[in-house]
Number of protein chains: 4
Amino acid sequence: MSTKDLILSTAKDMISEVGFHKMTTANLARRAEISEGTIYRHFESKEDILQHILDNFDEKYQQLAGQCRARMSHNELSIEDLLGSHFAFVDANSADIKIVLGTYSILDLTRRSMARFIERMRGLFEEFLTRGMARGTVRGVAVHDTGMIIANMFFGLMRIKLYWPEYPDFSAEAVDFCRRSLIFVEEKERS
Amino acid sequence: MSTKDLILSTAKDMISEVGFHKMTTANLARRAEISEGTIYRHFESKEDILQHILDNFDEKYQQLAGQCRARMSHNELSIEDLLGSHFAFVDANSADIKIVLGTYSILDLTRRSMARFIERMRGLFEEFLTRGMARGTVRGVAVHDTGMIIANMFFGLMRIKLYWPEYPDFSAEAVDFCRRSLIFVEEKERS
Amino acid sequence: MSTKDLILSTAKDMISEVGFHKMTTANLARRAEISEGTIYRHFESKEDILQHILDNFDEKYQQLAGQCRARMSHNELSIEDLLGSHFAFVDANSADIKIVLGTYSILDLTRRSMARFIERMRGLFEEFLTRGMARGTVRGVAVHDTGMIIANMFFGLMRIKLYWPEYPDFSAEAVDFCRRSLIFVEEKERS
Amino acid sequence: MSTKDLILSTAKDMISEVGFHKMTTANLARRAEISEGTIYRHFESKEDILQHILDNFDEKYQQLAGQCRARMSHNELSIEDLLGSHFAFVDANSADIKIVLGTYSILDLTRRSMARFIERMRGLFEEFLTRGMARGTVRGVAVHDTGMIIANMFFGLMRIKLYWPEYPDFSAEAVDFCRRSLIFVEEKERS
DNA sequence: TATGAATGAGGCTTCATTCAT
DNA sequence: AATGAATGAAGCCTCATTCAT
């Protein structure tokens with residue numbers, strides 16, 4: 001791994017564990033086993049490291065969104081698949097998401113990044129709903145707003161999953177909750 | 001207003017605006033027009049100020065929960081009322097909630113406070129669902145998990161409302177989303 | 001007890017226990033159950049309190065010295081009596097002495113007070129030696145220097161007694177040490 | 001000189017001159033012509049500096065004690081030599097000793113260091129007495145207690161020497177005082 | 001590229017002293 | 001006489017950033 005990537009991945013772990021303010025350049029250097037000066041050879045500032053982390057994260061989410069869209073265009077994506085792939089994404093990228101959730105309220109940098117992330121999710125869910133309505137499987141709802149609502153419910157559950165791991169997993173119940181609200185009941189019954 | 005309350009309310013504003021770390025004791029003193037030393041006549045530490053804010057907030061939410069429970073016991077509380085009173089609560093206490101949302105991931109103090117808050121909300125929603133199911137107006141759902149899901153959807157929407165106020169208000173649509181998922185359709189039609 | 005004396009005696013205890021710097025006016029007021037402001041009605045400053053304590057101590061030692069001189073003038077004071085009365089004085093005034101020993105190196109105030117104290121002791125011991133030599137019971141020694149040496153041996157032992165109370169009591173052995181050095185052996189044999 | 005040693009030696013001078021509390025990190029940095037932050041690159045805290053000074057001092061005394069013991073084992077060490085080498089040690093390490101004498105009553109750190117120092121001196125003097133008694137040059141005395149008494153007399157004289165340098169030097173007289181008390185008179189007469 | 005010592009601004013907190021009541 | 005809130009200077013320490021090697 002290049003020194004730059006080493007710094008990036010170490011910083012990602014540390015910020016997600018202790019927060020941006022409590023990761024100091026001294027801590028970071030010690031944990032990455034480099035010198036403090038080296039950090040500044042690869043990044044302009046501490047915030048610049050965060051910027052790179054957030055940019056990488058955005059790319060990863062765009063990949064997921066692309067895959068979902070591809071499957072949607074072949075009518076191969078159920079609501080379970082859509083939400084399920086998102087839950088899996090959270091599990092695979094928990095450090096990034098903890099960083100986003102932990103700093104959006106104090107750093108403009110992350111605030112913008114999170115806005116972009118939410119907007120991408122909302123757009124994807126909106127597209128899902130629009131296609132479903134066109135095919136007659138989804139009830140008639142306000143797609144823009146409802147996309148936002150699902151995105152945010154999703155965010156809320158992620159927070160619990162990441163910060164209160166002692167709670168059981170609500171994923172399945174959450175999918176049911178959405179299904180009941182969105183999908184015409186005749187196609188599937190539940191207990 | 002007593003000096004203690006002045007410090008408390010100034011700190012509440014500042015923390016919600018810039019975050020706990022960026023509210024320094026020097027800033028706080030300047031904005032409250034007192035000296036830095038005075039802060040420590042009324043509070044043991046900077047964290048102690050936050051503790052007081054969080055305790056006050058918890059009390060306020062317990063009042064709301066108490067009122068909701070009272071109305072529930074007279075069957076006077078629709079899902080619109082329940083969620084509506086919560087949206088109103090957020091508007092009235094936006095600074096407190098921004099503080100909770102902005103620091104739970106970095107301060108154990110707030111982490112515990114937020115856990116308490118979520119648990120209170122979940123409990124209230126669970127009670128609402130249980131009563132509705134007994135009366136036959138709410139579908140059979142897993143009340144514990146579903147309470148959590150609603151609480152977290154709610155949290156997600158609050159975040160948008162508080163940090164991206166440029167977005168339109170999703171409250172009404174969110175109520176509909178829940179209603180569709182939870183309430184038997186015969187009693188009400190939607191567009 | 002007057003408020004002034006209450007402050008004085010509380011301060012004496014505190015300074016001897018924790019040192020002058022660690023006795024704060026806030027601590028002192030709390031322990032004496034008065035307000036901080038009251039201290040300044042009776043004393044000009046924190047150092048002024050110490051000044052009073054030291055002055056009182058000096059008076060008490062002058063009384064002891066006076067009594068010793070009175071008994072010396074009647075030839076009623078053996079070296080055991082002289083040192084013994086000093087050891088007793090230390091026990092009765094341990095707080096004052098701890099204060100002197102604990103602050104002479106950092107406060108000019110006490111430095112002067114301690115110099116006065118040592119000089120008084122030296123003078124008393126010198127007088128004792130001079131009389132003893134005149135009577136033929138004490139060897140011929142340099143009275144001025146030897147007075148100083150005894151005074152300082154005495155100080156050294158006080159320090160142990162006060163700060164390392166876990167050590168056994170060396171008083172008797174110290175008296176023997178001095179006796180051997182000063183008193184003609186024919187009048188008493190030792191093992 | 002390395003920066004660490006510069007800090008150490010500057011701090012040693014300052015603490016011995018004005019006391020531990022009155023040497024502030026700002027003062028120290030200014031006098032050593034470094035920045036305050038630099039202090040903390042080399043030491044964990046202000047107390048840590050003191051710890052290093054005390055440890056160095058302990059090492060130096062252990063060297064002296066080792067040399068004395070070596071000469072004792074060849075019967076080459078008179079009481080004049082023993083006390084004389086200690087007086088010389090004080091002159092050469094006056095700053096360290098002032099620090100010990102000035103802070104043992106307020107800092108546990110130094111209290112322990114001083115206890116160690118006294119105990120080492122006592123042990124050395126005890127060994128001297130025991131050998132002397134075995135050889136028949138020293139009177140029969142309680143070696144443990146007497147070692148302590150000499151050590152403390154010595155400490156007392158050091159204090160005068162260091163804090164009241166205007167006094168004449170009592171060293172020679174002190175050696176005589178001890179000699180009279182300890183050494184069999186037949187081998188030497190005094191005036 | 002990498003190091004790590006040095007910087008200095010700024011953070012939180014303490015404390016002797018003052019002053020209106 | 002007594003109170004106790006308020007002050008502000010100063011104390012210890014941290015940390016992002018720079019720079020000579």
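Lettering of chains follows the sequences in order, A, B, ..., and the numbering in each one begins at 1.
The aromatic rings of H52(A) and F43(A) stand perpendicular to each other, their planes meeting at an angle above 60°, with 30° marking the opposite boundary. In this pair, Y104(C) and W164(D) present their aromatic rings parallel. The plane angle is below 30°, not in the 30 to 60° band.
Between S35(C) and dG4(F) there is no side-chain N or O to OP1 or OP2 distance below 4.0 Å.
For E36(A) and R41(A), the salt-bridge test fails: no basic side-chain N is under 4.0 Å from an acidic carboxylate O. A salt bridge is defined here as a Lys NZ or Arg NE, NH1 or NH2 lying under 4.0 Å from an Asp or Glu carboxylate O, and D13(A) with K98(A) fails to meet this definition. Between K12(B) and E17(B), none of the side-chain N atoms (NZ, or NE/NH1/NH2) sits under 4.0 Å from a carboxylate O, so this pair counts as no salt bridge.
Heavy-atom distances under 4.0 Å link DNA chain F to T3(B) of residues 2-25 of chain B, given in residue order.
Ranked by how close their nearest DNA chain E nucleotide is to the 5' end, N27(B) and H42(D) are led by H42(D).
Defined by atom type and a distance below 3.5 Å, a donor-acceptor pair is missing between the side-chain atoms of D48(D) and S45(D). Of the N and O atoms on the side chains of S113(A) and T110(A), not one donor lies less than 3.5 Å from an acceptor on the other residue.
Side-chain atoms of K161(D) do not come within 3.5 Å of backbone N or O of V90(D) as any donor-acceptor pair. Judged by distance alone, with hydrogens and angles left aside, the side-chain atoms of K46(C) form a donor-acceptor pair with the main-chain N or O of F20(C) at under 3.5 Å.
With rounding to whole Å, E47(A) atom CD is found 11 Å from dA16(F) atom C1'. We find that CZ of R30(A) is positioned 10 Å from P of dC15(F), with the value rounded to whole Å. When rounded to the nearest whole Å, the span between CD1 of I39(D) and C1' of dC15(F) equals 16 Å.
Cation-pi geometry between R111(B) and Y163(A) is not met at under 6.0 angstrom from the ring centre and within 45 degrees of the axis.
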N/O-N/O pairs, protein side and nucleotides 18-21 of chain F side, under 3.5 Å:
none

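In DNA chain E, stems built from 3 or more consecutive Watson-Crick or G-U wobble pairs, each with both distances under 3.5 Å, span E:2-21 with F:2-21.
Within 4.0 Å (heavy atoms only), I34(B) reaches sugar-phosphate atoms of the nucleic acid but no base atom.
For F57(C) and F117(C), the gap between ring centers is short of 6.0 Å.
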